[in-house]
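All chains are named by letter (A, B, ...) in the order of the sequence lines, taking the proteins before the strands, and each is independently numbered beginning at 1.
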Amino acid sequence: MTQTEAGTGVPAAHEPERDGERYDAHALQEKWLPVWDELKPFRSGEPGDTRPKKYVLDMFPYPSGDLHMGHAEAYALGDVIARYWLQRGFDVMHPIGWDAFGLPAENAAIKRGLDPRAWTYDNIAQQRASMRRYACSFDWDRVLHTSDPEYYKWNQWLFLKLYERGLAYRKDSLVNWDPVDQTVLANEQVMPDGTSERSGAKVVKKKLTQWYFRITEYADRLLDDLDTLEGTWPSKVISMQRNWIGRSSGAEVEFAIEGREQPVTVYTTRPDTLHGATFMVVAADSDLAEELAADAEPAVRAAFEEYRTQVQETSEIDRLATDREKTGVPLGRFAVNPVNGERLPIWAADYVLADYGTGAIMAVPAHDQRDLDFARAFGLPVRVVVDVRDAEGNALPDPAESGTATAGDGVLVNSGELDGLDKAAGVAKAIELLQAAGKGRAAKNYRLRDWLISRQRYWGTPIPIVHTDSGEVPVPEDQLPVLLPPSEGLNLTPKGTSPLGAAEDWVNVPSPVDGTPARRDPDTMDTFVDSSWYFLRFVSPEDDTQPFDRDLIAQWGPIDQYVGGVTHAILHLLYARFITKVLHDMGYLPFDEPFARLLNQGMVLMEGSAMSKSKGNIVRLSDQLDEHGVDAVRLTMSFAGPPEDDIDWADVSPSGSAKFLGRAWRLARDVTSERGADPTAGDAALRAVTHRSVHEITQHVEAYRFNVAVARLMELVNATRKAIDSADVGPADPAVREATEAVAVVLSLFAPYAAEDMWSLLGHEPAVARAGWPVVDESLLVQETVTCVVQVKGKVRDRLEVAPDITEDALRELALASEKVQAAIGGAELRTVVVRAPKLVNIVPGPGVRPARPSPPSRAGPPRRSGSRGTGSAAPAGSRASSARCAGRRASPSTGPRPEPRGPAGR
RNA sequence: GCCCCGGUAGCCCAACCGGCAGAGGCAAUCGACUCAAACUCGAUCCAGUGUGGGUUCGAAUCCCACCCGGGGCACCA
């Protein structure tokens with residue numbers, strides 16, 4: 001088998017060694033790592049390189065210690081893809097970096113008195129060494145750490161760009177507040193009972209001013225463009241993003257409020273049920289509720305204040321429990337239904353969310369379960385305006401009695417002009433009428449909220465804003481980066497405000513506008529900002545004039561293949577898509593989706609559950625590597641199952657992988673033919689297996705069925721072993737060399753060390769990674785004969801060896817001629833004969849219209865039933881087959897055009 | 001509650017457009033090699049595809065219902 005020319009001239013410095021008689025994984029690691037360090041086979045984007053480009057990216061790691069089994073799986077799979085495209089002759093960019101800002105560094109600093117910077121970079125050094133040993137095919141000339149000022153400078157640049165466009169803004173928001181520790185808590189730090197994980201105190205909501213990115217402005221595009229990812233992204237991720245964005249459509253309706261100049265706007269998906277509204281509810285924690293209560297009677301106001309306090313002390317988790325009792329207080333105020341002028345009492349309740357829609361709803365208890373629950377709890381009226389029927393057409397029971405709202409489709413009643421319409425028509429008509437009356441309009445809403453990026457933490461990117469007496473001032477671009485001050489002397493313990501606020505020298509600066517005293521914004525950015533654009537930086541990681549080289553990103557982007565865990569299915573991928581679209585809109589990028597193709601690898605489990613300290617089921621990667629070697633662990637990751645499935649380490653066998661690698665390696669050890677031996681002179685049967693295997697492996701790798709590709713490779717190894725050990729082929733046969741070279745190249749995707757050593761044993765120079773993918777000779781794929789199954793009533797009764805292009809009629813005749821078939825039919829009449837040439841005939845006897853025929857004479861060459869095989873090959877048919885025939889299996893001479901026999905069933 | 005995936009041998013997994021249920025591996029058993037063991041090599045064992053219907057000449061594959069497992073969203077009006 002010839003190799004493609006993808007391998008470029010690499011220094012010829014290493015003599016092939018034939019000293020090893022035994023496969024020794026660890027010795028091979030020692031032997032080849034320094035060679036690769038020198039050759040750098042994975043450098044990409046060299047000037048003058050004319051190979052077509054591929055950008056393969058693994059999600060970069062957080063440096064929280066050494067690599068673990070999860071990393072090992074992700075990088076093994078990403079490597080298969082990157083190495084495959086390299087073998088196929090592409091200029092593959094496969095970079096790596098570190099998501100190096102974030103809380104664990106800071107927690108280590110607080111707990112153990114370490115410097116976050118030192119802790120982070122020590123871990124990076126360790127991970128980097130592990131990746132090298134793990135033989136990751138990274139381009140080590142493209143590396144970034146988000147905690148480097150050279151990187152986070154561009155985070156700040158990005159922030160300023162968003163700020164200029166009005167996409168970064170500051171607003172007050174409610175956060176989880178621990179009143180004992182005086183600190184903000186993440187949602188994850190709030191226990192299910194609403195107490196603080198840290199102090200045990202009851203967590204309350206507190207208002208803080210925070211920075212946001214206006215991702216909601218892109219909600220429609222983020223949702224609609226998911227359609228373009230259909231088929232190249234896992235459908236699971238697409239549906240998770242759709243859920244997360246959560247677009248709904250309906251109408252905004254304006255309700256006049258008695259004693260208030262401005263109307264209140266509510267959002268509803270069911271404007272058709274407007275006539276069924278019997279009250280209005282505003283979110284208890286909204287400004288609107290406070291305002292309405294302020295003008296109410298003192299008793300009402302007092303009740304409201306008490307209720308609101310109670311709501312604020314309720315944890316988010318409690319509040320979201322769906323089976324909670326409905327609570328609320330009346331505000332003593334009234335709204336006017338714009339369609340019928342009815343007075344509706346206004347209530348404050350916590351089942352309405354302040355930050356969704358307008359924070360106020362119209363309640364239609366008959367047709368909304370939540371409103372019905374509320375109405376029943378407080379004795380509010382229920383009015384049916386939709387006649388909803390069950391499947392049999394019976395009217396559903398009255399919600400007021402049954403307690404079950406009828407939310408389905410039906411005919412509108414008691415609804416004035418809308419009467420008689422169904423849901424869709426009713427919605428459309430209602431919107432039309434509202435619009436005409438100036439009381440409402442069609443509207444959309446999203447579950448997606450703006451992205452809160454402020455963190456009151458030290459180890460992150462400082463927000464490039466300075467606060468002056470006259471407001472917030474962006475730091476001019478030419479003054480970036482705003483450097484993070486040293487952590488010495490700062491108390492990093494969380495206290496609700498950023499530790500940077502205490503760095504007096506740092507925080508107090510003159511205003512960039514007029515030099516008056518000002519203070520830096522003490523917050524740092526969410527680390528998701530860092531990771532939302534890092535993939536762009538890899539094209540020019542050293543560039544200190546711009547975040548990324550625009551020409552280069554146009555050449556390389558978008559990323560051809562992104563690989564990472566499904567844990568980032570929503571936030572990271574959504575943020576990255578958002579920032580990409582923003583940069584596209586600003587003219588920096590020619591594409592507006594960053595990741596053309598996405599692969600989510602599964603997790604590595606141990607005995608059915610995720611590895612964790614508390615479960616005590618942690619498998620240490622370093623132990624596995626010491627025990628089985630890098631190659632065996634990598635191969636196990638690929639072979640365990642489909643890449644997106646979880647791997648239970650207890651179910652797989654790295655020692656089995658190591659055994660296979662030994663088998664493969666020994667092939668190369670045993671080959672005795674010289675490099676360059678002409679494979680066409682070799683054993684034809686083995687050649688057919690080789691080419692068919694490579695053909696299938698190629699298809700499986702491209703379809704990311706790595707486990708099946710490895711299985712095919714194992715078959716090829718087994719077949720080659722048999723050939724070597726057989727008397728009539730033997731180790732000197734050029735076909736054996738061809739097969740073994742193919743094994744080495746294919747194996748280089750999965751087990752680089754063994755593959756490199758095989759390549760060397762076969763007399764080639766490193767690196768096998770750039771040897772070039774084996775070229776399949778199509779003519780060797782053509783099957784001379786195929787096995788045709790003959791069924792009688794769906795049961796297999798006989799097998800025929802037939803030409804692949806046999807006609808239906810000929811095959812029918814052959815099948816009916818079979819003694820076994822005739823015995824099975826037993827003289828019964830034939831009803832149907834289904835022929836699917838060349839693989840299958842199904843004969844259905846029965847009281848059909850077609851008469852049974854006696855065995856027709858066999859006019860169509862000399863077919864052989866499988867039972868009587870041995871004297872020769874089956875009838876060749878057609879010229880293609882004869883051209884593909886090879887020595888050793890010389891066909892019978894009865895070639896030539898065959899008469900087309902009439903089928904026994906006639907026409 | 002709504003939505004999405006998945007159930008094939010003791011285990012991990014294959015099976016193209018509906019066409020012989022088995023490619024590969026693990027484990028187990030037996031045999032060869034060995035003084036013995038390990039390694040290696042060879043062989044054997046094992047399911048009728050979660051359950052019940054339907055469509056079809058023919059269903060692991062398509063349709064319906066259900067069971068089990070996993071995941072996402074969830075007081076979002």
Side-chain angles (χ1 to χ4, degrees), chain A residues 22-23 234-248 250 266-270 273 281 283 319-324 326 349-353 355-364 367-371 373-374 407 445-449 566 569-570 602 635-636 639-642 644-657 659-660 662-663 666 696 699-700 703 705 707-718 721-722 725 787-799 830-836 839-846 848 866:
Chain A
R22 205 169 56 84
Y23 169 70
S235 52
K236 183 181 177 180
V237 174
I238 292 176
S239 88
M240 282 165 75
Q241 293 222 349
R242 288 207 175 106
N243 272 339
W244 188 260
I245 295 167
R247 180 165 66 196
S248 75
V266 306
Y267 173 74
T268 176
T269 55
R270 293 297 302 274
T273 63
V281 185
R319 203 180 144 166
L320 290 177
T322 47
D323 48 1
R324 267 177 87 224
K326 290 281 182 291
D350 69 351
Y351 83 93
V352 170
L353 308 177
D355 58 352
Y356 183 79
T358 60
I361 63 154
M362 66 175 203
V364 185
H367 307 297
D368 182 287
Q369 190 61 46
R370 297 153 298 181
D371 296 344
D373 293 343
F374 193 83
N445 249 305
Y446 305 90
R447 208 196 75 91
L448 180 71
R449 303 299 149 85
V566 74
I570 297 175
L635 185 69
T636 302
F639 183 56
E644 56 279 356
D645 286 7
D646 290 346
I647 298 172
D648 192 327
W649 202 249
D651 289 339
V652 295
S653 172
S655 60
S657 297
K659 212 160 82 179
F660 163 74
R663 282 168 63 79
R666 284 191 298 274
E696 289 188 20
Q699 291 181 324
H700 289 308
R705 293 198 297 249
N707 54 327
V708 189
V710 171
R712 293 287 172 273
L713 183 63
M714 289 172 169
E715 286 180 87
L716 177 56
V717 167
N718 292 342
R721 180 80 256 162
K722 275 209 175 83
D725 292 345
T787 304
C788 175
V789 175
V790 185
Q791 302 176 330
V792 176
K793 281 180 78 179
K795 282 194 177 140
V796 179
R797 296 299 183 185
D798 201 359
R799 283 148 210 249
L830 298 188
R831 186 151 60 107
T832 317
V833 179
V834 179
V835 182
R836 290 285 178 274
K839 299 197 70 172
L840 178 127
V841 176
N842 189 14
I843 298 163
V844 186
S866 55

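Side-chain proximity of A/Ile570 to the nucleotides B/A23, B/C73, B/C12 is greatest for B/C73. Among B/C41, B/A77, B/C13, the nucleotide with an atom closest to any side-chain atom of A/Asn707 is B/C13. In the set B/C26, B/A77, B/G25, the nucleotide with an atom closest to the side chain of A/Met714 is B/G25. Comparing atom distances between the A/Met240 side chain and each of B/A23, B/C41, B/G72 picks out B/G72 as nearest. Checked against B/G24, B/A15, B/C75, the side chain of A/Asp350 finds its nearest nucleotide in B/C75. Closest to the A/Glu715 side chain, of the nucleotides B/A23, B/A77, B/C12, is B/A23.
Across the C1' atoms, B/A9 and B/C3 are found 34 Å apart, a figure rounded to whole Å. Separating the C1' atom of B/U8 from that of B/G69 is a span of 16 Å, rounded to the nearest Å. The same atom, C1', is picked in B/A27 and in B/G70; the two are 26 Å apart, to the nearest Å. For B/C4 and B/A21, the C1' atoms lie 28 Å apart once the distance is rounded to whole Å. Distance noted for atom P between B/G18 and B/C57: 16 Å (whole Å). Taking the P atoms as reference points, B/A14 lies 16 Å from B/C62, given to the whole Å. Across B/C64 and B/C26, the matching C1' atoms stand 38 Å from one another, rounded to whole Å. Nucleotides B/G24 and B/C13 place their C1' atoms 8 Å apart, quoted to the nearest Å.
Shown here for A/Leu635 and A/Phe660, the closest heavy-atom pair between the two residues is CD2-CD2, 3.6 Å. Looking at every heavy atom in both residues, A/Val352 comes nearest to A/Gly359 through CG1-O, 3.6 Å. A pairwise comparison of heavy atoms in A/Met240 and A/Ala569 identifies CE-CB, 3.6 Å as the closest pair. Closest of all the heavy-atom pairs between A/Thr636 and A/Pro654 is OG1-CA, 3.2 Å. When all heavy atoms of A/Asp371 and A/Met362 are compared, the pair lying nearest together is OD2-O, 3.9 Å. A/Val266 and A/Ala360 make their closest contact through CB-O, 3.4 Å (heavy atoms, listed as atom of the first residue, atom of the second, distance).
Between the CZ atom of A/Phe639 and the P atom of B/C11 there is a distance of 17 Å, rounded to whole Å. Rounded to a whole Å, the CZ atom of A/Phe374 is 17 Å from the P atom of B/C75. Between the C1' atom of B/G25 and the CH2 atom of A/Trp649 lies a distance of 14 Å, rounded to the nearest Å. Atom-to-atom, CG of A/Asp645 to C1' of B/G7 comes out at 12 Å; the value is rounded to the nearest Å. Separating the OH atom of A/Tyr23 from the P atom of B/C39 is a distance of 16 Å, rounded to the nearest angstrom. Taking atom CD1 of residue A/Ile647 and atom C1' of nucleotide B/G70, one finds them 17 Å apart after rounding to whole Å. The separation between A/Ile843 atom CD1 and B/G58 atom C1' is 13 Å, rounded to whole Å. Nucleotide B/C12 holds its C1' atom 17 Å from the CZ atom of A/Arg705, rounded to whole Å.
As judged by a 4.0 angstrom heavy-atom cut-off over every strand, A/Arg247 is placed among residues making no nucleic acid contact. Contact annotation for A/Ser239: no contact, since no heavy-atom pair falls under 4.0 Å across all strands. A/Phe660 comes within contact range of no nucleotide atom at all, as no heavy-atom separation falls under 4.0 Å. Looking at heavy-atom distances under 4.0 Å, A/Ser248 makes contact with sugar-phosphate atoms alone, never a base.
With its glycosidic angle more than 90° from 0, B/G42 is assigned anti. Because its glycosidic torsion is within 90° of 0, B/C17 is reported here as syn.
Remark: A/Phe374 pairs with A/Phe279, A/Trp347, A/Tyr351, A/Phe378 by the ring-ring contact (aromatic ring centres under 6.0 Å, His included) rule, at least two apart or across chains.
The residue among A/Val710 and A/Ser235 whose nearest nucleotide of RNA chain B lies closer to the 5′ end is A/Ser235. Ranked by how close their nearest RNA chain B nucleotide is to the 5' end, A/Ala711 and A/His700 are led by A/His700.
Between the OG atom in A/Ser235 and the CZ atom in A/Arg242 there is a gap of 9.5 Å [rounded to 0.5 Å]. Distance check, rounded to the nearest 0.5 Å: CD of A/Gln699 to CZ of A/Arg712 gives 10.5 Å. Rounding to the nearest 0.5 Å places CD of A/Gln791 at 9.5 Å from CD1 of A/Ile843. Atom CG of A/Asp651 and atom CG of A/Asp646 lie 11.0 Å apart (nearest 0.5 Å).
With salt bridges taken as basic N to acidic carboxylate O contacts below 4.0 Å, one links A/Asp355 and A/Arg449.
Considering only heavy atoms from C-beta on, A/Val364 stays 4.5 Å or farther from A/Arg270 through its side chain.
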Please list each protein N or O that sits under 3.5 Å from an N or O in nucleotides 42-44 of chain B, with the distance.
none

Give each protein N/O atom lying under 3.5 Å from an N/O atom of nucleotides 18-21 of chain B, with the pair distance.
from	atom 1	to	atom 2	distance (Å)
B/G19	O6	A/Arg836	NE	3.2
B/G19	N2	A/Gln791	OE1	3.4
B/G19	N2	A/Asn842	ND2	3.2
B/C20	O2	A/Arg799	NH1	2.3
B/C20	O2	A/Arg799	NH2	2.7
B/C20	N3	A/Arg799	NH1	3.3

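The partner of B/C26, taking Watson-Crick or G-U wobble pairs whose two distances both stay under 3.5 Å, is B/G10. Pair check for B/G1 finds B/C73; Watson-Crick or G-U wobble, both atom distances under 3.5 Å. Look at B/C57: its Watson-Crick or wobble partner, with both distances under 3.5 angstrom, is B/G19. Across all strands shown, B/A65 is found opposite B/U51 as a Watson-Crick or G-U wobble partner, with both distances under 3.5 Å. B/C35 is unpaired under the criterion used here, namely a Watson-Crick or G-U wobble arrangement in which both key atom distances are under 3.5 Å. Pairing for B/C45 is absent, judged as Watson-Crick or G-U wobble with the two contacts each under 3.5 Å.
For the OP1/OP2 pair of B/G70 and a distance below 4.0 Å, the side-chain nitrogens and oxygens of A/Lys236 include no atom meeting the criterion. Put simply, A/Tyr356 has a side-chain N or O that comes within less than 4.0 Å of OP1 or OP2 on B/A77. OP1 or OP2 of B/C41 has at least one side-chain nitrogen or oxygen of A/Arg666 nearer than 4.0 Å.
For B/C75, the base has a donor-acceptor partner in the side chain of A/Lys326 [N/O atoms by modelled type, under 3.5 angstrom].
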